[in-house]
Every structure is written in structure tokens, then in C-alpha cells.
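Okay, so here's the structure we're looking at.
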Number of protein chains: 4
Amino acid sequence: MRVLFIGDVVGNKGVSMIKNYLPKIKQSVRPQVTVVNGENATAMGRGISLSIYKELMSDGVDVVTLGNHAWSNNEILDFIDDAKRLIRPYNFPRRTTPGKGYTMINVNGQQLAVLNFQGRVFMDNLDDPFALADELVDKLSQQTKCIFMDFHAEATSEKLAMAKYLDGRISAVVGTHTHVQTNDARILPGKTAFLTDAGMTGPADGMLGMRPENVIGRFLNQRPARFEVLEDGRGIISGCFVDIDDKSGHATHIEPVMYTDDRMS
Amino acid sequence: MRVLFIGDVVGNKGVSMIKNYLPKIKQSVRPQVTVVNGENATAMGRGISLSIYKELMSDGVDVVTLGNHAWSNNEILDFIDDAKRLIRPYNFPRRTTPGKGYTMINVNGQQLAVLNFQGRVFMDNLDDPFALADELVDKLSQQTKCIFMDFHAEATSEKLAMAKYLDGRISAVVGTHTHVQTNDARILPGKTAFLTDAGMTGPADGMLGMRPENVIGRFLNQRPARFEVLEDGRGIISGCFVDIDDKSGHATHIEPVMYTDDRMS
Amino acid sequence: MRVLFIGDVVGNKGVSMIKNYLPKIKQSVRPQVTVVNGENATAMGRGISLSIYKELMSDGVDVVTLGNHAWSNNEILDFIDDAKRLIRPYNFPRRTTPGKGYTMINVNGQQLAVLNFQGRVFMDNLDDPFALADELVDKLSQQTKCIFMDFHAEATSEKLAMAKYLDGRISAVVGTHTHVQTNDARILPGKTAFLTDAGMTGPADGMLGMRPENVIGRFLNQRPARFEVLEDGRGIISGCFVDIDDKSGHATHIEPVMYTDDRMS
Amino acid sequence: MRVLFIGDVVGNKGVSMIKNYLPKIKQSVRPQVTVVNGENATAMGRGISLSIYKELMSDGVDVVTLGNHAWSNNEILDFIDDAKRLIRPYNFPRRTTPGKGYTMINVNGQQLAVLNFQGRVFMDNLDDPFALADELVDKLSQQTKCIFMDFHAEATSEKLAMAKYLDGRISAVVGTHTHVQTNDARILPGKTAFLTDAGMTGPADGMLGMRPENVIGRFLNQRPARFEVLEDGRGIISGCFVDIDDKSGHATHIEPVMYTDDRMS
Ligand SMILES: [Fe+2]
Ligand SMILES: [Fe+2]
Ligand SMILES: [Fe+2]
Ligand SMILES: [Fe+2]
Ligand SMILES: [Fe+2]
Ligand SMILES: [Fe+2]
Ligand SMILES: [Fe+2]
Ligand SMILES: [Fe+2]
């Protein structure tokens with residue numbers, strides 16, 4: 001099967017990039033299933049709402065993943081338990097976190113497990129992503145060999161460590177969170193596809209999606225600042241696609257995807 | 001001269017502790033000058049407003065210092081440049097920061113320099129507090145030997161390092177920020193008084209002044225939370241006083257101060 | 001029962017403070033059991049060795065706790081599994097960590113559980129200390145109500161949050177790691193004794209036990225530095241004692257302990 | 001002029017990649033000047049030695065930049081003041097740091113300023129890279145418009161903020177430190193070339209150059225670990241080249257460079 005993954009969707013511009021360009025990308029990439037990170041999908045660029053989740057689903061997304069901004073829009077607490085295809089990082093505290101950290105989806109008769117984990121280096125104090133991924137992958141392997149992880153993390157070392165740790169037991173580890181696509185898509189020796197970061201989707205000319213003035217201002221004055229999503233200018237859509245052998249779960253191909261809307265009309 | 005210093009005033013309770021108990025403390029301690037850290041003095045426990053600054057001054061405070069929450073209440077940008085006795089950490093970026101990082105105050109004919117600096121370990125990326133303090137103390141020493149620093153910092157090592165670095169050149173280094181008074185008031189070999197943290201002033205039974213539920217909840221669920229100042233229960237007022245020899249600027253005595261309102265009526 | 005707790009023992013000086021002064025302190029405090037944090041007990045001030053562990057035990061210590069420096073001296077991997085009264089933070093990764101995170105000790109016919117946990121704020125990415133403490137305290141409560149925790153953590157908020165979280169279910173939470181004793185020993189409403197930090201034991205005039213030059217130098221030049229334990233000057237021994245009602249496990253008294261060797265001969 | 005930049009050279013393998021493949025890359029890219037980040041160039045992967053600096057220079061490198069590992073090999077303190085073409089991050093403390101943070105090099109009769117700065121987000125507490133870069137670029141602009149910066153930083157936001165802050169006043173900002181090349185080389189509106197990270201040079205199949213076992217082990221057990229450079233397997237060489245208009249200093253082209261030695265013989 002071919003899995004299309006799209007990195008952090010930021011603000012209205014990000015959501016409209018999905019609406020306007022996902023169909024075209026699908027026509028060219030021809031994935032069987034589409035996974036999108038939606039942790040920045042509200043108009044404020046923080047968290048997700050029920051209406052945006054539904055919009056993404058109706059625009060052709062099959063699974064929505066999240067990250068450290070999962071809870072930034074409080075509304076999520078009301079609907080995440082009912083949102084079948086919305087997953088949040090698995091390693092948030094087990095006792096206190098609503099929602100789920102993975103989902104199983106039927107792709108032309110073959111089960112695909114989509115997992116969402118979050119790193120800890122320079123990030124929140126979550127539960128051990130390595131120990132929990134080890135355990136979860138063991139469990140899910142009894143149902144399917146096709147397992148795809150969105151690993152939402154800051155440090156390149158933690159992302160690569162996860163991929164190498166799971167190499168041969170999972171189909172792909174694709175990183176998110178830095179909003180900048182890396183140039184290192186490859187298949188590891190055990191046949192796990194890896195990309196350090198898929199990059200972002202939304203305003204192309206901002207500061208990782210936000211208006212530059214406030215972000216730069218904060219570096220200059222070290223005072224708290226409200227960041228706003230950049231509304232104007234070009235849009236970008238970033239991600240990758242991975243080919244997985246249904247039987248073995250081995251990745252056979254990974255390729256980055258990146259378009260800006262001035263190059264796509 | 002005797003300097004009374006009061007640590008982080010938190011919320012309405014903190015401000016009312018100053019109003020109600022500072023006079024009594026002054027009667028017993030008999031300071032010539034009173035310095036109060038006001039970085040948490042708004043009702044929200046974040047930043048300071050013009051009216052609270054004025055209230056503190058009219059309740060007998062001579063100088064108000066700040067910290068990492070200096071800018072949490074935006075209103076400060078409008079009045080800090082005119083607030084003669086309000087200082088913010090000196091080592092915020094020089095080019096972009098309003099207000100000033102020290103003030104000179106006349107104490108019975110003797111000048112006292114009050115300095116506010118902020119640490120960097122586990123905190124904001126400010127300018128080098130060691131290099132800047134070295135330079136500023138050199139400059140101010142030409143006007144007075146009586147120099148008092150509120151060093152707003154997290155790590156015990158950074159606070160002690162600052163005190164030892166300036167030992168013999170400054171009258172006192174008193175730490176703030178952790179909201180917990182330490183039991184290590186002493187005079188260093190060079191005659192600089194030191195206390196790692198002065199402790200806080202406000203609600204006595206909260207989480208460093210805040211309602212416990214939300215703070216504990218955040219440790220349990222790792223989700224963003226709004227912290228609110230605890231309104232009820234006992235109040236506490238914490239700090240220390242330092243005796244400084246006017247001529248030499250040497251500290252001759254340092255003593256912690258801590259009262260709760262159930263023990264003070 | 002009365003529990004004497006002594007904070008981070010640093011270097012040879014720290015170990016000799018235990019040897020020379022623990023007997024005198026015991027004579028005055030008269031504890032039934034003595035717990036000492038030994039994470040800095042080697043001559044280098046990092047980790048512990050088998051010979052130092054044995055020395056502490058033969059000098060009258062009943063249980064040794066550790067912290068983030070538990071593994072700084074590699075030798076520990078060889079003996080921790082056999083060291084009956086040596087515990088390391090419980091919330092190191094379960095699958096990969098030798099040793100144990102708590103111990104049960106018989107105190108005049110009554111069981112006392114001694115627990116060691118480590119915080120995560122500004123520290124290592126360990127497993128959730130709140131969730132694990134909750135679970136462990138539940139389990140141990142079936143054996144004894146007398147439960148004492150050394151919570152090795154940096155942030156005052158995390159330490160107090162743990163104490164309030166466990167208030168009423170545990171006899172005492174005493175913090176370590178900052179090497180500076182706090183002035184807030186108290187009994188919380190549920191009858192759990194609390195002290196943010198017990199302070200350190202060893203060289204009294206260093207930088208938290210280390211030679212000041214290198215530590216200050218590192219703040220000035222931001223280059224890596226080797227820290228060495230200060231060998232000369234006065235020694236300090238810091239901690240607290242807690243009275244626990246054997247039946248209920250409630251704390252009835254907590255009191256800080258601090259001596260320097262120039263005041264103890 | 002065309003500037004070739006090569007990202008963090010790691011260990012013996014990295015140095016030998018320069019020796020063996022830089023000539024071939026130069027033949028194809030035809031740069032007028034070559035800049036290499038050497039912060040990991042020792043056999044241990046930490047810091048640089050005089051002999052390796054000389055080897056890099058004799059293998060065709062014109063300027064060597066550094067980063068947070070600048071001081072990891074102590075030997076540098078002995079030779080950096082005499083090493084004409086070796087620069088360390090400009091924003092280490094001014095009063096205490098040997099060496100220099102930029103160099104001027106003559107490129108076919110045109111001056112090129114090469115600058116090295118380090119970020120602060122998730123890194124050391126250095127001086128303000130934004131304020132200092134602003135000031136330095138102002139000063140250097142009076143001598144040349146051709147200014148190239150290696151910005152050694154962790155966070156994508158800080159790197160992009162620096163590039164946008166200097167956009168139009170500097171020829172290029174190229175990031176290093178994450179050891180993973182990003183896929184976002186572009187020319188900003190003001191004609192400053194930008195690449196978030198140039199990637200690394202050395203062992204292709206390790207953990208950012210190091211042996212995977214120890215790095216993964218550290219994520220699994222949270223104990224201190226010695227990391228060693230991976231010696232065997234393929235090598236990689238990563239970087240970019242930038243075309244700068246000599247008169248205006250504007251970038252006219254930026255292009256990533258990445259080869260592995262199995263694809264280059
Ligand atoms: Fe994001
Ligand atoms: Fe994120
Ligand atoms: Fe505060
Ligand atoms: Fe603060
Ligand atoms: Fe310690
Ligand atoms: Fe510690
Ligand atoms: Fe590096
Ligand atoms: Fe680096």
C-alpha cells in the first residue's frame with residue numbers, strides 16, 4: 001500500500017491547502033490512505049476543533065495525528081473520545097489523557113496501524129516513547145505488519161533513535177514538529193522508512209507558519225508575545241509518501257512531497 | 001543602614017499582606033529602606049499594574065523589583081519608564097527593553113543602589129548577568145559602596161555563583177523566584193550578605209501562591225493549564241533584612257523574616 | 001518512630017562529616033532510623049562506590065538514597081543489585097534500570113518504607129513520578145502506613161506538588177538535589193511532613209560542595225569545566241528529622257537539622 | 001563569487017571524506033572559497049585539534065567554523081588565537097573567550113566576511129546573537145557586502161528568525177548543529193540565501209555520526225553514556241553552495257550538496 005503523509009497543517013491557510021491541493025497531489029501520488037498532522041490546524045495555529053477535524057476528513061484525509069499542541073484548543077476534550085480517526089501522542093499520561101494514541105484503518109482489505117508518539121528532548125515530560133512504542137508495536141504486530149508512526153519531536157537524535165530502535169518491526173517512522181522538511185528520506189537496513197521531519201503545510205513565507213514580526217520580536221526582546229498565523233502570501237504543502245509491502249510490512253520506497261501554490265495551479 | 005527585602009508578592013493576598021503587615025514588621029525590624037519584589041502582584045499573579053505599584057509605594061515600599069514575569073501584564077509597557085522606583089532585571093536586551101535595571105535611593109543621606117538581575121539557567125535567554133553585574137557594580141561603586149541586588153533566578157548554583165563573584169564589591173545578593181525561603185542566610189568572607197531565596201508573600205497554603213488543583217493537575221496530565229491565585233486561607237510574608245555599614249558598604253548582619261497572618265495579629 | 005534524614009553527602013568531606021558527627025547528632029536527635037542521600041559521595045562528588053556505601057552503613061546509616069548522579073560512578077552497576085539498603089530513583093526506566101526504588105526496613109518492630117523518586121522539571125526524562133508514586137504508595141500502604149520519600153528534584157513547584165498530591169497517604173516527602181536547605185518544614189493538612197530541600201552535607205564553603213573557581217568560571221566563559229570537590233574549610237551536615245505515628249503513619253513533627261563543624265566540637 | 005559550505009565534520013571519517021571527496025566536489029561545484037564546520041572533527045567527535053585544523057586547510061578548506069563543541073577538546077585554547085582561519089561562535093562571552101567570531105578572506109580580489117554565531121534556544125547561555133549580529137553586520141558592511149554566516153543552532157525558529165532578521169543585509173545564513181540537512185534552501189525576499197541546516201559530514205549510517213548502540217541505549221536507560229564515532233560503513237558529505245553577487249552582496253543562487261561515498265567513486 002501507499003501511504004501519503006502530510007506534515008503539521010497550520011491555520012486557515014493550511015486547511016485550505018489541504019482542500020485545494022490534496023486532490024491534485026492524490027491524483028499524482030495515488031496513495032491508498034492519507035494521514036495528516038493537524039496539531040496547528042485552528043485559525044490561531046494551536047490545536048484542532050471538531051469542525052476542522054470534520055473538514056479535513058471530508059477533504060480526503062483518513063487519519064489526523066497531533067502533537068504537543070494537541071490540547072491547545074480546549075474544545076478537543078469534548079470530542080476526541082468520539083473522533084474515530086483522530087489520534088494524539090500515545091505517551092501522554094495513561095491515567096489522565098482522553099482519546100487514543102493509535103488507530104487501525106482498513107486499506108483495501110489490509111490493516112494499517114497509524115501511531116502517534118511525542119519526543120521528550122526539549123519537550124513535555126511525557127511517558128517513555130521508546131518503552132511504550134516497543135510494547136505497542138509488539139502487540140499490534142499480531143494484527144498487522146503495516147505500522148506507520150508520526151513521531152512528533154524536536155531533536156534529530158531522538159527521532160533517528162526511535163527509527164533505528166524500531167527498524168525492522170515497523171513500516172515507517174516519519175517525524176513532525178520542526179515545520180521544516182529534512183532531506184534525509186531513506187529506508188533503514190531493517191526496511192523501516194524514515195524521514196526526520198515531513199515539514200509543514202500552510203503559509204509558506206512566515207516563521208514556521210506564523211507572522212514573522214512577533215516571532216522575531218520575541219527573539220529581540222525576550223518578552224512574552226502572541227503569535228498569529230500569517231494569512232497572506234503563498235501556501236506550502238509538505239510531507240512524504242511511503243510504499244509498504246502489505247505482507248511483510250517492509251517499506252519499499254519513501255519520497256518527500258513539497259509543493260507551493262504558485263507552482264501547482 | 002538596614003534594608004528590609006520582601007520576596008515575590010503574589011496576587012491580591014500578597015498586596016494585602018504588605019498593606020496589613022508591613023507596618024508591623026517595620027515596627028519590629030526598623031529598616032531605613034524597604035525593597036519588595038512585585039513580579040507576581042496582579043490579581044492573576046502575573047506582572048504588575050500601575051495601580052498596584054502605587055499601592056505598594058503608598059503602603060511603605062521604597063523600591064519594587066521584578067523578574068521573569070515583569071512583562072506578563074502588558075500595561076507595564078505604558079508606565080515603567082515613568083515609574084521612578086520600579087526596576088526590572090537589568091540584563092533584558094539593552095536595545096529593546098523599557099525601564100531600568102537599577103535605582104539609586106537616598107537613605108538618610110547615604111546613597112543605596114538597588115539592582116535587579118535575572119538568571120539564565122532554566123530561564124529566559126537574557127544577556128550575561130555576570131558580565132553586566134561586574135560592569136555595573138564597578139560603575140556604581142564610584143557613587144556608593146552600598147549596593148543591594150535582587151537576583152531573580154532558578155538554580156541555586158547560579159545564585160551562589162553571583163554572590164561569590166561579587167563578594168566584597170556589593171553589600172548583598174538576595175535571591176528570588178523559587179517562592180520558597182532558603183535557610184542559608186550568611187555573610188560571605190568578603191562581607192557580602194547572601195540568601196539563596198527570600199521566599200514569597202501572599203497565599204500561604206497554595207502552590208507557591210497558586211491554587212493547588214491546577215498546578216498538580218498539570219503535573220498529572222501534562223496539558224496546558226491556567227493557574228489562578230489562591231484567594232482563601234492564611235497569608236505569608238517572607239524576606240530578610242540586611243545591615244550595611246554605610247561607609248564600607250560591608251554587610252554586618254543578615255536575618256530572614258517570615259510571618260504568617262495567623263501568627264501575627 | 002523518629003526518622004533522621006541527611007541530604008546529599010558530597011565527597012570525602014561529606015563522608016567524614018557522617019563519620020564524625022552523625023553519632024553526636026544521633027545522641028541529640030535520637031532517631032530510630034537514619035536515611036542519607038549519597039548521590040555525590042565519591043571523592044569526585046559524583047555517584048557512589050561500594051566501599052563508600054559500606055562505610056556509610058558502618059557509620060550508622062540505615063538506608064542510602066540516590067538521585068540524578070546515581071550512575072555517575074559506573075561501579076554502581078556491579079553492586080547495586082546486591083546492596084540491600086541502597087535505593088535509586090524508582091522512576092528510572094523500569095525495563096533497563098538495575099537496583100530498586102524503595103526498601104522496607106524494620107524499625108523496632110514497625111515497617112518503614114523508604115522511597116526514592118526523581119523529578120522531571122529541568123532534569124532527566126524519567127517515567128512519571130506522580131503516577132508511579134500513586135501506584136507504589138497504594139501497594140505499600142497494605143504493608144505499612146509509615147512511608148518516607150526522598151524526592152530528588154530541582155523545581156520547588158514539582159516538589160510541593162508531589163507532597164500535596166500524596167498528602168494524607170504518606171508520612172513525609174523530603175526534597176533533595178538543590179544542596180540548599182529550605183526554611184519551610186511543615187506538616188500538610190493531611191498529616192504528611194514536607195521540606196522542599198534538606199540541604200547538603202560536606203564542604204560548607206564551596207559551590208554546593210564544589211570548588212568555586214571552576215563553577216564560577218563556567219558561568220563566566222560558558223565552556224565545559226571539570227568540577228572538583230572542595231577539600232578544605234569547614235564542613236556542614238544538613239537534613240531534618242520527622243516523627244511518625246507508627247499506627248496511622250501520620251507525621252506529628254518535622255524539624256530541620258543543620259550543623260557546621262566549627263559549631264559542633 | 002561562489003561559496004561552498006560543508007556541515008559538521010565528524011571524526012576521522014569526516015576528515016577523510018574532506019580529503020577524499022572535497023577535490024571532486026570542487027571540480028563539479030567550482031567554488032571560489034570553501035568553508036567547513038569543524039566542531040566535531042576530532043577522532044572522538046568533539047572539538048578540533050591543531051593537526052586536524054591544519055589537515056583541513058591543506059585539503060582545500062579556506063575557513064573552519066565551530067559551534068557548541070568548540071571547547072570540547074581543550075587543546076584549542078592553545079592554538080585558536082594563532083589560527084588565522086579558524087573561527088568560533090562570535091557570541092561566546094566577550095571578556096573570557098579566546099579566538100574570534102569572524103574572519104575576512106580575500107576571494108579573487110573581493111572581501112568575504114565569514115561569521116560564526118550560535119543559537120540559544122535549547123543551547124548554552126551565550127550573548128544575544130541577534131543584537132550582536134546586527135551590530136557586527138553593520139560594521140562589516142562598511143568593508144564588504146559579501147557576508148556569510150554559519151548559524152549553529154538547534155531550533156528551526158531561531159535559525160529562520162536570524163535569516164529573516166538579517167535579510168537584505170547579509171549574503172547567506174546557513175544553519176548547522178542538527179547534523180540533518182533540511183530541504184528548504186531558498187533566497188529570501190531581501191536576497192539573503194538561507195538553509196536551515198547543512199547536514200553533516202562523516203559516518204553515514206550512525207546516529208548523527210556516532211555509534212547507534214550507545215545513543216539508543218541512553219534513550220532507553222537515561223544513564224550517562226560515552227558516545228563514540230562510528231568508524232565503519234559509508235561516509236557522507238553534506239552542505240550547500242551559494243552564489244553571491246560581489247557588488248551587491250546579494251545571493252543569486254543556493255543549492256544543497258550531499259554525497260555518500262558509495263555514490264561517488
Ligand atoms: Fe506543529
Ligand atoms: Fe509541535
Ligand atoms: Fe515569582
Ligand atoms: Fe519569577
Ligand atoms: Fe546532589
Ligand atoms: Fe542531584
Ligand atoms: Fe555538530
Ligand atoms: Fe553542535
Side-chain angles (χ1 to χ4, degrees), chain A residues 119-123 128-131 134 154-167 175 177-186 188-189 195-200 204-210 212-222 227 233 236 238 240 256-258 260, chain D residues 119-123 128-131 134 154-167 175 177-186 188-189 195-200 204-210 212-222 227 233 236 238 240 256-258 260:
Chain A
R120 300 195 291 187
V121 177
F122 311 134
M123 299 189 83
D128 184 343
F130 292 86
D134 180 50
E154 173 75 34
T156 51
S157 64
E158 193 172 20
K159 286 160 156 173
L160 181 54
M162 178 63 85
K164 283 183 178 282
Y165 181 58
L166 298 176
D167 186 21
H177 178 65
T178 71
H179 290 207
V180 176
Q181 189 176 89
T182 54
N183 193 18
D184 64 339
R186 64 191 183 276
L188 299 177
L195 173 62
T196 296
D197 207 286
M200 62 156 278
D205 300 311
M207 276 291 316
L208 316 178
M210 309 313 270
E213 312 84 78
N214 294 0
V215 182
I216 295 173
R218 177 153 172 64
F219 280 108
L220 299 186
N221 62 36
Q222 297 292 328
F227 296 160
I236 191 172
S238 309
C240 65
V257 163
M258 189 191 296
T260 50
Chain D
R120 299 194 291 186
V121 176
F122 311 134
M123 299 189 81
D128 184 343
F130 291 86
D134 180 52
E154 174 74 34
T156 50
S157 64
E158 193 173 19
K159 285 160 156 174
L160 181 53
M162 179 63 86
K164 283 185 179 280
Y165 181 58
L166 297 177
D167 185 20
H177 178 65
T178 71
H179 289 207
V180 176
Q181 189 177 89
T182 54
N183 193 17
D184 64 339
R186 64 191 185 276
L188 300 177
L195 174 62
T196 296
D197 208 287
M200 63 156 278
D205 300 312
M207 277 290 317
L208 315 178
M210 310 312 270
E213 313 84 78
N214 294 1
V215 182
I216 294 173
R218 178 155 172 62
F219 280 108
L220 300 185
N221 62 35
Q222 298 292 328
F227 297 161
I236 192 173
S238 308
C240 66
V257 163
M258 189 191 295
T260 51

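Each chain gets a letter, A, B and so on, in the order its sequence line appears, and its residues count up from 1.
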Test side chain to side chain contact (heavy atoms under 4.5 Å, CB included) on D:Met258 and A:Asn183; report intermediate values, then the result. CA-CA 9 Å; D:Met258 189 191 295; A:Asn183 193 18; 4.0 Å; yes

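- Looking at A:Gln222, the atoms closer than 4.5 Å to chain D (heavy atoms on both sides) all sit in the side chain, from C-beta outward.
- We find the CZ-CD1 distance between D:Phe130 and A:Ile216 to be 7.5 Å, quoted to the nearest 0.5 Å.
- Here the side chains of D:Asp128 and A:Phe219 are not in contact, with every heavy-atom distance at 4.5 Å or above.
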Check the pair A:Val121 / D:Phe122 against side chain to side chain contact (heavy atoms under 4.5 Å, CB included), numbers first and verdict last. CA-CA 9 Å; A:Val121 177; D:Phe122 311 134; over 6 Å; no

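- Of all heavy-atom pairs between A:Leu208 and D:Leu160, the closest is N-CD2, 4.0 Å.
- Counting heavy-atom pairs closer than 4.5 Å to chain A, the top-ranked of the candidates D:Lys164, D:Arg120, D:Arg186 is D:Lys164.
- Of the listed residues (D:His179, D:Arg218, D:Met207, D:Met162), the one with the most heavy-atom contacts under 4.5 Å to chain A is D:Met207.
- Your options are A:Ser157, A:Ser238, A:Pro256, A:Pro212, and the one with the most heavy-atom pairs under 4.5 Å with chain D is A:Ser157.
- The minimum heavy-atom distance linking D:Thr156 with A:Thr178 is given by the pair OG1-O, 2.9 Å.
- Using a 4.5 Å cut-off between heavy atoms, D:Thr196 contacts chain A through its side chain alone, with no backbone atom that close.
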